[in-house]
Amino acid sequence: MPEGPSILHLKNKMLPFKGKVVKAAGGYGKMPTAWINGKKLQDILTWGKHILFVFANGTVRVHLGLFGEVVINERKKVNRSFFLEFATGEINGYIVRAQKLEKTAKETYDWRTDILSPLFDKAHVKSLIKTKAAKTIDDVLMDQDVFSGVGNKIRNESLFRAGIHPLSNTGKIPAAKITKLVNEVLIYTKRFYDQLEKKGVHDDFQVYKQEYAPDGSEVTMKNLTKTKRKIYFSEHKQVLYK
DNA sequence: GTGCATGTTACGAG
DNA sequence: ACTCGTAACATGCA
């Protein structure tokens, strides 16, 4: 389910529980949950793909991984890995990883890299990209310490829209193109999110899982051996900086 | 049954 | 100590 926009969309659906008291918390995950019982859910935050449930005595980070799912006021057949039950309603996580933060959310996270946060800081992120000059740009985009919330879809679509080949050497990409890339990430992320909010699904792809790009150019699919992910790009429209 | 999917982390080798 | 590569995890759908 994840990728930043989906997580923020999910958070919005959970917001009615903000301020409510947890009657029972649990799940098969390793994290102890007794400390949550009877506590008020003070806030729900997100950072990239992380969901944060804030309580007076601690914050729970929930991550959905590749297959994770959170449903509200319904149950699936399999066991819940993490759940919060309230007097009315419940939040049920399946195949999610829950852990208690050692510090507060504010001390743990830097929202300047969160592509869905109003605190996102382009200049800061561009300076981080400079420190990754030796890596290929597809890896930098997926680096959650640089672009929190970017997943495989946003990566492929942003690179296409910026006209940059995914295997480009980051240090060789002109500054103006990096700026364009950062802007395209933000634009596409917002479009992704807006679609989810408006119609509940997101299906706006120009290269991801496509055979042809909108301009008719052929889309190439390549398996990345290291990360075991797939990249989709147009050899014709995306410049390889090497 | 097979293959694939919006992801991360743990651990051993080098 | 750090970086790299691989395995591991767990479900649902075509």
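Small disclaimer: the values here were computed from a predicted structure and weren't measured. Order of the sequence lines sets the chain letters (A, B, ...), proteins ahead of strands, with each chain counted from 1.
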By ring pair (Phe, Tyr, Trp, His ring centres under 6.0 Å), A/Phe53 pairs with (sequence neighbours left out) none
What is the distance from CG of A/Asp145 to C1' of B/dT9, rounded to the nearest Å? 13 Å
Partners meeting side-chain contact (heavy atoms from CB on, under 4.5 Å) with A/Asn79 (sequence neighbours left out): A/Tyr28
Test side-chain contact (heavy atoms from CB on, under 4.5 Å), reference A/Phe120, set A/Val185, A/Val125, A/Thr189, A/Asp114, output is A/Val125
Verify the contact: side-chain N or O of A/Lys230 to OP1 or OP2 of B/dA5, cut-off strictly under 4.0 Å; return yes or no. yes
Considering only the P atoms, how many Å lie between C/dA10 and B/dC11, rounded to the nearest integer? 15 Å
Atom pair distance, as rounded to whole Å: NE2 in A/His50 and P in B/dG7: 12 Å
Parallel, tilted or perpendicular, judged at 30° and 60°: which one describes the rings of A/Phe205 and A/Tyr208? tilted
Return a table of donor-acceptor pairs under 3.5 angstrom between the side chains of residues 164-171 of chain A and protein atoms on other chains or two or more places apart.
from, atom 1, to, atom 2, distance (Å)
A/His165, ND1, A/Leu167, N, 3.0
A/Ser168, OG, A/His165, O, 2.8
A/Ser168, OG, A/Val239, O, 3.3
A/Ser168, OG, A/Tyr241, N, 3.0
A/Asn169, OD1, A/Gly171, N, 3.3
A/Thr170, OG1, A/Lys135, O, 2.7
A/Thr170, OG1, A/Ile137, N, 3.3

What contact category does A/His202 fall into here, base, sugar-phosphate, or nothing, at under 4.0 angstrom with non-hydrogen atoms? nothing
I need the NZ-P distance between A/Lys209 and B/dC4, as an integer number of Å. 11 Å
What's the NZ-C1' distance between A/Lys135 and C/dT3, to the nearest Å? 8 Å
For A/Glu107 and A/Thr104, test the side chains for any donor-to-acceptor distance below 3.5 angstrom and give the result as yes or no. yes
Which residues satisfy the side-chain contact (heavy atoms from CB on, under 4.5 Å) test with A/Leu128, sequence neighbours excluded? A/Thr113, A/His124, A/Val146
Is the closest side-chain heavy-atom distance between A/Val150 and A/Arg155 below 4.5 Å? yes
Does NZ or CZ of A/Lys76 come closer than 6.0 Å to the centre of the six-membered ring of A/Tyr94, within 45° of the ring's axis? yes
Are there runs of at least three consecutive Watson-Crick or G-U pairs touching DNA chain B, with each pair's two distances under 3.5 angstrom? Give them by first number. B:2-5 with C:11-14, B:7-14 with C:2-9
Give me the distances for all protein-to-nucleotides 11-14 of chain C N/O pairs that come in under 3.5 Å?
from, atom 1, to, atom 2, distance (Å)
C/dG12, OP1, A/Lys76, NZ, 3.4

Atom-pair distance (CZ on A/Arg191; P on B/dT6), nearest Å: 20 Å
Any A/Gln144 side-chain nitrogen or oxygen under 4.0 Å from OP1 or OP2 of B/dT8: yes
B/dG3 and C/dA7, which share atom name P, separated by this distance in whole Å: 16 Å
Spacing between A/Ile231 atom CD1 and B/dA5 atom C1', to the nearest angstrom: 17 Å
Does A/Arg75 pair with A/Glu85 as a salt bridge, N-O distance under 4.0 Å? yes
Report yes if at least one side-chain N or O of A/Arg97 is closer than 4.0 Å to OP1 or OP2 of B/dT9; otherwise report no. yes
Over all strands shown, is A/Arg229 touching base, sugar-phosphate only, or nothing at heavy-atom distances under 4.0 angstrom? base
N/O to N/O distances under 3.5 Å, protein versus nucleotides 5-7 of chain C:
none

Using atom CG of A/Leu64 as one end and atom P of B/dA5 as the other, report the distance to the nearest whole Å. 19 Å
Please identify each residue that fulfils side-chain contact (heavy atoms from CB on, under 4.5 Å) with A/Gln206, with sequence neighbours left out. A/Glu157, A/Phe160, A/Arg161, A/Pro214
Of all the choices, B/dG7, B/dT9, B/dA5, which nucleotide is nearest to the side chain of A/Pro2 once you look at every atom? B/dG7
Apart from A/Val54 itself, which Ile, Leu, Val, Met, Phe, Trp or Tyr residues share its cluster (side-chain heavy atoms under 4.5 Å, direct or through members)? A/Leu45, A/Trp47, A/Leu52, A/Leu101, A/Tyr109, A/Trp111, A/Leu119
Rounded to the nearest Å, what distance is computed from the NE2 atom of residue A/His63 to the C1' atom of nucleotide C/dA10? 15 Å
Run the side-chain hydrogen bond (donor to acceptor under 3.5 Å, both in side chains) test against A/Lys103 and tell me which residues pass, sequence neighbours left out. none
Go through the structure and list residues passing side-chain hydrogen bond (donor to acceptor under 3.5 Å, both in side chains) with A/Ser217, not counting sequence neighbours. A/Asp215, A/Ser234
Between A/Asp204 and A/Gln195: side-chain donor-acceptor atoms closer than 3.5 Å: no
Answer with base, sugar-phosphate or nothing: what part of the nucleic acid does A/Tyr94 contact at a heavy-atom distance below 4.0 Å? nothing
Any N/O pairs under 3.5 Å between the protein and nucleotides 11-13 of chain B? List them or say none.
none

